[in-house]
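Numbers here are sequence positions counted from 1.
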Amino acid sequence: MSKARAEAAAGAPGLLLKYLQEQNRPYSAQDVFGNLQKEHGLGKAAVVKALEQLAQQGKIKEKMYGKQKIYFADQNQFEMVSDADLHSLDARIVALTAKVQSLQQSCRHMEAELKELTSALTTPEMQKEIEELKKECAGYLERLKNIKAATNHVTPEEKEQVYRDRQKYCKEWRKRKRMEEVGIETDEDYKVTLPDP
């Protein structure tokens, strides 16, 4: 056994007695070992030995539950609590529980706000994006200016006239096609297709 482990084992009874008195609830040896091993470096054998020693000295109580021993502080060392004190403690527990729930809700709101803030753009990132959008907007304005300045625009009237002319020529073509079908020659002979009206 290392020197540190030996020192921890030697101080185990005092440490475990203090722990059981502060917690004032029943524990198995495994529970005590699991709760204290990381912080105090106690081995399981040292915990079991210290608990048995304390029980033999009458400093703590032990009870058998099936095959397992349960250890707890001797309740005679604690002052008797009146019903009024118990009711007062119950009321305090209710108030503290409500406070905990309120704080947890506040924490959830803060966490949501923090998540939103961390996902948002920083000021430099926002400024960079604004500059890029300004450049993009300037490019669109320049294109619009060039389009407006062009002299080769087609007016709505001119467009309508082109559609009317097309319909007229398609109508004439259909007439001619019917004449062709009498027997002279056909569009199919020349692989020509009539466009849609």
Do [X] and [Y] have side chains that get closer than 4.5 Å, going by heavy atoms?
X	Y	result
L36	V47	no
L15	L42	yes
K134	E131	yes
Q30	K44	yes
Y27	L20	yes
E136	E132	no
E160	P156	no

Q) Do V32 and V48 share a hydrophobic cluster, counting only Ile, Leu, Val, Met, Phe, Trp and Tyr and linking them when any side-chain heavy atoms are less than 4.5 Å apart? A)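 Different clusters: V32 never reaches V48 through Ile, Leu, Val, Met, Phe, Trp or Tyr contacts under 4.5 Å.
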
Q) For the hydrophobic clusters of this structure (ILVMFWY residues joined by side-chain heavy atoms under 4.5 Å, transitively), does one cluster hold both L51 and I70? A)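 Cluster IDs for L51 and I70 differ.
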
Q: Answer yes or no: does atom CE of M64 have more than 12 heavy-atom neighbours from other residues, nucleotides or ligands under 6.0 Å?
A: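 Count over threshold, so yes.
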
Q) Taking atom CD of E172 as the centre, does the number of heavy atoms from other residues, nucleotides or ligands within less than 6.0 Å exceed 12? A)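 Yes.
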
**Q.** ILVMFWY clustering at 4.5 Å (side-chain atoms), partners of Y140
**A.**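 Y140 shares its hydrophobic cluster with no other residue.
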
Q) Who else is in L121's hydrophobic cluster (ILVMFWY, side-chain heavy atoms under 4.5 Å, direct or via others)? A)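 L121 shares its hydrophobic cluster with M126, I130.
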
Q: Identify the two heavy atoms, one from Q75 and one from N24, that lie closest to each other, and give their separation to 0.1 Å.
A: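 Taking every non-hydrogen atom into account, NE2-OD1, 2.8 Å.
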
Q) Do you know the tightest heavy-atom contact between A12 and A46? A)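 Taking every non-hydrogen atom into account, CB-O, 4.4 Å.
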
Atom [atom1] of [X] and atom [atom2] of [Y]: how far apart are they, to the nearest 0.5 Å?
X	Y	atom1	atom2	answer
E142	I147	CD	CD1	10.5 Å
K171	K168	NZ	NZ	10.5 Å
K59	Q21	NZ	CD	9.5 Å

Q: Given side chain to side chain contact (heavy atoms under 4.5 Å, CB included), test V162 with R164 step by step and report yes or no.
A: CA-CA 5 Å; V162 169; R164 283 200 298 268; over 6 Å; no

Q. Which pairs pass side-chain hydrogen bond (donor to acceptor under 3.5 Å, both in side chains) with one or both residues in residues 84-96, sequence neighbours excluded?
A.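 Pairs touching residues 84-96 that pass the test: S82-D85.
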
Q | Main-chain N/O of T122 paired with E125 side-chain donor or acceptor, under 3.5 Å | A |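 Checking the backbone N and O of T122 against the side chain of E125, a donor-acceptor pair under 3.5 Å is found.
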
Q) Which is it for M110 and L114 under the side chain to side chain contact (heavy atoms under 4.5 Å, CB included) test, yes or no, and what are the steps along the way? A) CA-CA 6 Å; M110 288 181 194; L114 177 63; over 6 Å; no

Q.
Checking E52 against Y71 for the side chain to side chain contact (heavy atoms under 4.5 Å, CB included) test, could you report, in this order, the C-alpha distance in whole Å, the side-chain angles of both residues, the deciding distance, and whether it holds?
A. CA-CA 9 Å; E52 288 176 351; Y71 299 90; 3.7 Å; yes

Q) Can you check side chain to side chain contact (heavy atoms under 4.5 Å, CB included) on I60 and D74, steps first, answer last? A) CA-CA 5 Å; I60 63 172; D74 185 356; over 6 Å; no

